[in-house]
Amino acid sequence: MHPLLKKSLLRFGFLHTYAILVAWIFTVIERRDEPAFERMEKSLRKLRFDMNLNYNLTDDDFDNFVNRAAAAVIEGDELDWTLLNSFTFALVAFTTIGVFMEKWDYVESLYASFATFTTIGFGDYVPCEALLRDKEGGLERILSENMHPLLGKALLRVVLFHGFGLLVAWVFTLIESHEESRQLKMKRLFRELRAEIPLKYKVNMSDIDFESFLRKASAGVTAGEELDWTFMNSCAYVFAAFTTIGYGHITPKTSLGRGVTINACLLGIPITMLAFKTLGELCATFFRFLVIKTETILFRRVELKHLKKKTFFVACVLLVVLMILASVSTIFLEHWTFMEGLYAWFTTFTTIGFGDYVLFRSYSIKLARGDISTTSLLLKGLVFVVPYAVGLSLMSCILTCLVDSVDQIRHFRDRCWSCCPSLIFDSGNVCRYDVSRSDTSDGRDREENEPGEM
C-alpha cells in the first residue's frame with residue numbers, strides 16, 4: 001500500500017472514531033426529553049387555548065396571527081447592511097470564521113473566544129453584537145529601512161487586508177442595504193398587526209396582552225426550528241467543529257456542553273488538519289501521476305515542464321466541477337436556486353460556514369417531525385457526505401500545491417514588486433526595464449523540469 005494512502009486511512013480512522021465518541025458525549029449531555037417539534041406544538045397549543053378562551057379566535061386567524069408575529073420578531077433580530085456590519089461580514093469571510101447570527105459567564109466567554117480564535121465561529125455567541133445593533137447614535141522598502149522587516153511586512157499586509165475588506169464591505173452595503181432598517185420594519189409590522197386586530201379579528205386586545213402574545217408566538221415558532229441533539233445531529237455538530245466550518249445551526253445550550261466543545265476541539269482540530277493534509281498530499285501525488293502519464297503516453301512528450309502548475313490546475317478544475325454538480329443537486333434535494341447552492345457549497349469548502357444555508361438541515365427537521373424515515377435520511381446523507389469530503393480534500397490539495405510552489409510564487413512577487421517603487425515614488429517616471437537583464441532573470445527564474453513518478 002502507498003505510504004500516503006496508509007497514513008490517510010490511519011488518520012481518518014482515528015478521526016472518525018474520536019468524532020463518534022465526542023458525538024455520543026454530546027448526545028448524552030445536550031439531549032432533552034421532549035423533542036423540539038413537540039415543544040413548539042405544546043407552546044402553540046397553550047397559546048391557542050388562551051387566545052380562544054379570551055378572544056375567541058378561529059384556528060385560521062390564530063395561525064395567520066402567529067406566523068406574522070414571528071416573522072416580525074425575526075425581521076427585527078437581523079442586522080442591517082451598514083458599512084460597519086458589511087465590514088464585519090467581509091472580515092469573517094476572509095478569516096473563514098463566519099459568525100452571523102454581554103453578560104456572559106466564564107464558560108460562555110471562553111467558549112466564544114475559542115470559537116473565534118479557531119475560526120469555527122458557530123455564531124451563537126458573537127462579541128460586540130449589541131454594539132453592532134446600536135446604530136442610532138516601494139512602500140515595503142521604506143518600512144523595512146526604519147523597522148524590523150517582519151514588522152514592516154506585517155503592517156503592509158494588515159493594511160492591504162483591511163483596505164480590501166473596506167472595499168468589499170462598501171460593495172456589500174450598496175448591494176444588500178435597504179432604505180428601511182430592520183428595526184423600523186419590525187416596528188412597522190407590529191403597528192400594522194396591532195391595527196388589524198380589532199378590525200380583522202374582532203379582538204379587543206390590550207397592549208400588554210399584545211406584547212405577551214408576540215413573545216410567546218415567536219418563542220413557539222423558534223423552538224420548532226431548533227434541532228434536537230440526536231446522535232446524527234451530534235455527529236454533524238462535531239464534524240462542523242473539527243473542520244472549523246461551524247455552521248451554528250446547532251449549538252450546545254449547557255455550560256458542560258460548551259466546555260466539552262473546547263476540550264474536544266483542542267485534539268479534534270489538529271487531527272482533522274493532519275488527516276486532510278495527508279489526503280491533500282495523496283490527491284496531489286495522484287494528479288501529478290495523471291499529468292505525467294497523460295503527457296508521456298497521450299502526447300508523447302519527453303521533456304515535462306510546469307508539473308506543479310498543471311497539478312494545481314487539475315485540482316482547481318475538479319473543485320469547480322464538483323461545486324457545479326453539487327449546486328445542481330441542491331436544486332432537487334433542497335429546492336434552492338443554483339446560486340444559493342453554489343454559495344452554500346463554497347462557504348462549506350472554504351470552511352467559512354455562515355450558517356444561513358446549511359446542507360441537509362431540512363431533512364433533519366423532517367425526520368424530527370416524522371415526515372421521513374431514518375433509512376431515507378441515511379441514504380440522502382450519502383449524497384451530501386461524498387462531495388463534502390471530496391471538496392475538503394481538493395481544497396487541501398490546492399493548499400498543498402501552493403505550499404510546494406511557494407518559492408516560485410516568491411520569485412514572481414519579487415519581479416512584480418521591483419516595478420512598484422518606481423511607479424509609486426518616482427513621480428513623472430515610469431518603470432524601466434533593461435531588456436537584456438530582464439531576459440537573463442527570466443531565464444534564471446524559469447521553472448526547471450520536474451519529472452516525477454507516482
Side-chain angles (χ1 to χ4, degrees), residues 7-33 36 92 95-101 104-127 226-280 347-355 358-361 364 378 381 384-385 388-389 391-393 395-396:
K7 188 184 295 185
S8 298
L9 292 176
L10 179 63
R11 289 180 174 177
F12 268 93
F14 184 72
L15 169 64
H16 283 78
T17 302
Y18 179 67
I20 289 173
L21 174 62
V22 175
W24 174 77
I25 294 175
F26 274 110
T27 305
V28 174
I29 295 174
E30 296 289 338
R31 190 169 187 174
R32 301 175 64 174
D33 295 334
V92 298
T95 56
T96 71
I97 294 174
V99 288
F100 250 93
M101 268 280 5
W104 299 340
D105 58 32
Y106 175 76
V107 175
E108 291 172 336
S109 301
L110 184 63
Y111 169 77
S113 300
F114 182 83
T116 300
F117 297 152
T118 55
T119 73
I120 298 175
F122 289 118
D124 48 346
Y125 287 86
V126 182
E226 295 180 356
L227 294 179
D228 296 303
W229 281 89
T230 62
F231 179 72
M232 190 172 296
N233 290 335
S234 298
C235 288
Y237 170 78
V238 169
F239 280 105
F242 287 177
T243 55
T244 71
I245 295 175
Y247 288 122
H249 63 301
I250 179 170
T251 53
K253 299 297 186 292
T254 64
S255 296
L256 180 59
R258 299 181 187 112
V260 171
T261 298
I262 296 173
N263 289 280
C265 287
L266 288 175
L267 179 60
I269 291 177
I271 294 174
T272 306
M273 292 175 64
L274 287 174
F276 278 104
K277 175 181 177 295
T278 307
L279 193 57
T347 55
T348 297
F349 293 154
T350 55
T351 72
I352 298 174
F354 287 118
V358 180
L359 302 160
F360 206 57
R361 182 176 183 271
S364 298
L378 291 174
F384 290 97
V385 170
Y388 180 92
L392 292 177
S393 301
M395 282 297 300
S396 178

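Note: hydrogens, waters and symmetry copies are ignored here, and every other heavy atom, side chains too, is used. Source: prediction; values computed, not measured.
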Residue pair Thr347, Tyr247: steps toward the side chain to side chain donor-acceptor pair (under 3.5 Å) verdict:
CA-CA 9 Å; Thr347 55; Tyr247 288 122; over 6 Å; no
Please list all pairs passing the side-chain hydrogen bond (donor to acceptor under 3.5 Å, both in side chains) test where one or both residues lie in residues 266-276, with sequence neighbours left out.
none
Could you walk me through whether Phe384 and Thr348 pass the side-chain contact (heavy atoms from CB on, under 4.5 Å) test, one step at a time?
CA-CA 11 Å; Phe384 290 97; Thr348 297; over 6 Å; no
The single option from Thr350, Leu279, Thr243 passing side-chain contact (heavy atoms from CB on, under 4.5 Å) against Leu392:
Thr243
If you define the side chain from C-beta out and look only at heavy atoms, does anything of [X] sit under 4.5 Å from [Y]?
X: Pro252; Y: Ile29; answer: no
X: Phe360; Y: Val385; answer: no
X: Ile271; Y: Phe14; answer: yes
X: Asp228; Y: Arg32; answer: no

Can you tell me how far [atom2] of [Y] sits from [atom1] of [X], rounded to the nearest 0.5 angstrom?
X: Thr278; Y: Arg11; atom1: OG1; atom2: CZ; value: 3.5 Å
X: Ser364; Y: Arg361; atom1: OG; atom2: CZ; value: 8.5 Å
X: Leu227; Y: Glu30; atom1: CG; atom2: CD; value: 13.0 Å

Do you know the tightest heavy-atom contact between [X] and [Y]?
X: Ala241; Y: Cys265; result: CB-SG, 3.8 Å
X: Asn263; Y: Gly259; result: ND2-O, 2.7 Å
X: Met395; Y: Phe349; result: CG-O, 3.4 Å
X: Ala389; Y: Ser393; result: O-OG, 2.8 Å

Without placing hydrogens or testing angles, list every side-chain donor-acceptor pair under 3.5 Å for residues 15-28, not counting sequence neighbours.
residue	atom	partner	partner atom	Å
His16	ND1	Phe12	O	2.8
Thr17	OG1	Gly13	O	2.8
Tyr18	OH	Ala264	O	3.0
Thr27	OG1	Ala23	O	2.8
Thr27	OG1	Ser234	OG	2.8

Is the CE atom of Met273 crowded by more than 12 outside heavy atoms at less than 6.0 Å?
no
